[in-house]
Structures are given as structure tokens and as C-alpha cells.
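Worksheet: the structure to be examined is printed underneath.
In what follows, residues are counted from 1 in the order of the sequence shown.
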Amino acid sequence: KVFVAKRSEVGELGAPIALKVGLLTDRTRFEREVELMMRARSPYLLTALSHGIIEGFAPLFWIEMPLMGGHSLADVGEVSLEEGVSLCVDVIQGLKALHEQGVAHRDLKPSNVLLTTTGEVKLADFGLSKKMEDAGASIPATGTVVGSPAYMSPEAINGERIGRATDVWALGVLLCE
């Protein structure tokens, strides 16, 4: 869940931020997502300002992100051809930035493409992202499918090794919508 909050400065509330908070069920996944967001150096990738874990009976994680306003691609209706091409180019730039770091997103879908109030496109939700050399099957030993089935490539559905092609497949599905 993502909330709008105010950054706490010494004794006063500061600038508005976006704060993602959730139950920590997979520490490795959280650390992978935060590490990618903290080192993201592309205008097409959502970044993290800070993060942490609140230990306890049910540990929670939090990620502080810039507040950009706007909405996700899932909230957008039909767009013109020109707008569609522009959005596509920006999503490709985000994927290119990830792939240049050797990372596969593995969960590209409309709700993970953010559109800011200033018209910028940001890829988000890197919880399933992995270094491509580590990006093994999308069906772990538990038999649970990892990803969003409607956007999964055939190799991901079949539990085979995934990489750039998996993200390109998801982009194709996104474009068809």
C-alpha cells in the first residue's frame, strides 16, 4: 500500500513524500527491490529516498519515494496513436535502463507504469526484478507462479529461465491493450 506522507525534519514536517508500507513476508525480495530503487539513475525508473524495516511480531517494511502525483497506466483509457507511441518509447527507455544494469523487471504491467502529473513515465514495483544471471524460473520450488499471468511470456509460464525477452513480451501485451 502506498500513502502520501510528510517527511519528518528536525522538529517539523517537511516535504510531501510517497510512502510504501507492507508486511515483510520476503526479506530478500524487499532488499532486492530497495537496492535497485536506491541505485536507479534513470528518469524512467522510480527511485527510493530511504527505506527500513520495523521488526516485531509481524515485521513491516517501508520505502520512502518522491511524491510525483499522477496515476498508473492502468487508470488511463484509450489514447491517441501519438500518445501511445510516446508512452511506449518511455516504457522502452525504462526497460533499457534496467536491462543495461543486467536486470529483468519480470512484472511489467499497466499498474507498474506510473504517469506523473508532468507527463513523465516511471517504471515501478521492482519486487520481482532480478539480475538476469539469477533470473531463473518464474515458478519456484513451491509451485507458486511469480508474476502477473496475463503479462507472462511463454517461457515464464513454462517455468523456464527468463530475461530481456520476458520483459519484451510483457511490453507487447501492454501495447495490445
What one should report as the nearest heavy-atom pair of S153 and T166 is OG-OG1, 3.5 Å
Where is the tightest heavy-atom contact between G127 and E33, given as atom of each residue plus distance?
N-CD, 3.6 Å
Are L23 and I63 connected in a single hydrophobic cluster, I mean Ile/Leu/Val/Met/Phe/Trp/Tyr linked by side-chain heavy atoms less than 4.5 Å apart?
no
L73 versus E177: any side-chain heavy-atom pair under 4.5 Å?
no
Kindly check if the number of other-residue, nucleotide or ligand heavy atoms within 6.0 Å of CH2 (W169) is above 12?
no
Less than 4.5 Å apart, side chain to side chain, heavy atoms only: is that true for K109 and N112?
yes
Verify the cluster assignment for V76 and L108: are they in a single hydrophobic cluster under the rule of side-chain heavy atoms below 4.5 Å apart?
yes
To the closest 0.5 Å, what do you measure between CG (L175) and CD1 (I92)?
7.0 Å
Nearest-0.5 Å distance that lies between atom CE in M68 and atom CG in L46
4.5 Å
Do L60 and L24 pass the side-chain contact (heavy atoms from CB on, under 4.5 Å) test, and can you show the C-alpha distance, the side-chain angles, and the key distance before you say yes or no?
CA-CA 5 Å; L60 299 173; L24 183 64; 6.0 Å; no
Check the hydrophobic clustering (I, L, V, M, F, W, Y; side-chain heavy atoms under 4.5 Å; chains of links allowed) and say if L36 and M132 are grouped together.
no
Would you say L49 and P66 make side-chain contact, with heavy atoms under 4.5 Å?
yes
Using the rule that Ile, Leu, Val, Met, Phe, Trp and Tyr join whenever any side-chain heavy atoms are under 4.5 Å apart, tell me whether L67 and M38 fall into a single cluster.
no
Do the non-hydrogen side-chain atoms of V113 and L87 ever get within less than 4.5 Å of each other?
no
If I compare all heavy atoms of L114 with all of A124, which pair ends up nearest, and what's the gap?
CD1-CB, 3.8 Å
To the nearest 0.5 Å, atom CG of D75 lies from atom CG of L115 at 8.5 Å
Is the shortest heavy-atom distance from the side chain of V103 to the side chain of F126 under 4.5 Å?
no
Residue list, side-chain hydrogen bond (donor to acceptor under 3.5 Å, both in side chains) with E100, at least two apart or on another chain
none
Could you tell me which residues satisfy side-chain contact (heavy atoms from CB on, under 4.5 Å) with V168, sequence neighbours excluded, listed by chain and number?
none
Between V21 and K1, is any pair of side-chain heavy atoms under 4.5 Å apart?
no
Which of H105, R106, R29 passes side-chain contact (heavy atoms from CB on, under 4.5 Å) with K130? It is R106
The complete set of salt bridge (Lys or Arg N to Asp or Glu O under 4.0 Å) pairs with one or both residues in residues 45-62, sequence neighbours excluded, reads R27-E55
Closest contact, heavy atoms only, S148 versus D107:
OG-OD1, 2.8 Å
Residue pair W62 / I53: nearest heavy atoms and the distance that separates them
NE1-N, 4.0 Å
To the nearest 0.5 Å, what is the distance between CG (L128) and CG (D26)?
9.5 Å
Sequence neighbours excluded, the answer for ring pair (Phe, Tyr, Trp, His ring centres under 6.0 Å) partners of F61 is F30
Counting C-beta onward and ignoring hydrogens, is there a side-chain heavy-atom pair between R32 and K131 closer than 4.5 Å?
no
SG on C176 to CG on L171, rounded to 0.5 Å:
9.5 Å
Closest non-hydrogen atoms of L45 and A97, given as atom of the first, atom of the second and distance, are CD1-CB, 4.0 Å
Partners of T118 by side-chain contact (heavy atoms from CB on, under 4.5 Å), sequence neighbours excluded?
T116, E120
Please answer whether the main-chain N or O of F3 pairs with a side-chain N or O of K20 as donor and acceptor at a distance below 3.5 Å.
no
Contact between Q93 and V121 at the side-chain level, heavy atoms closer than 4.5 Å - yes or no?
no
Listing request: all side-chain hydrogen bond (donor to acceptor under 3.5 Å, both in side chains) pairs with a residue in residues 41-53, at least two apart in sequence or in separate chains.
S50-E64
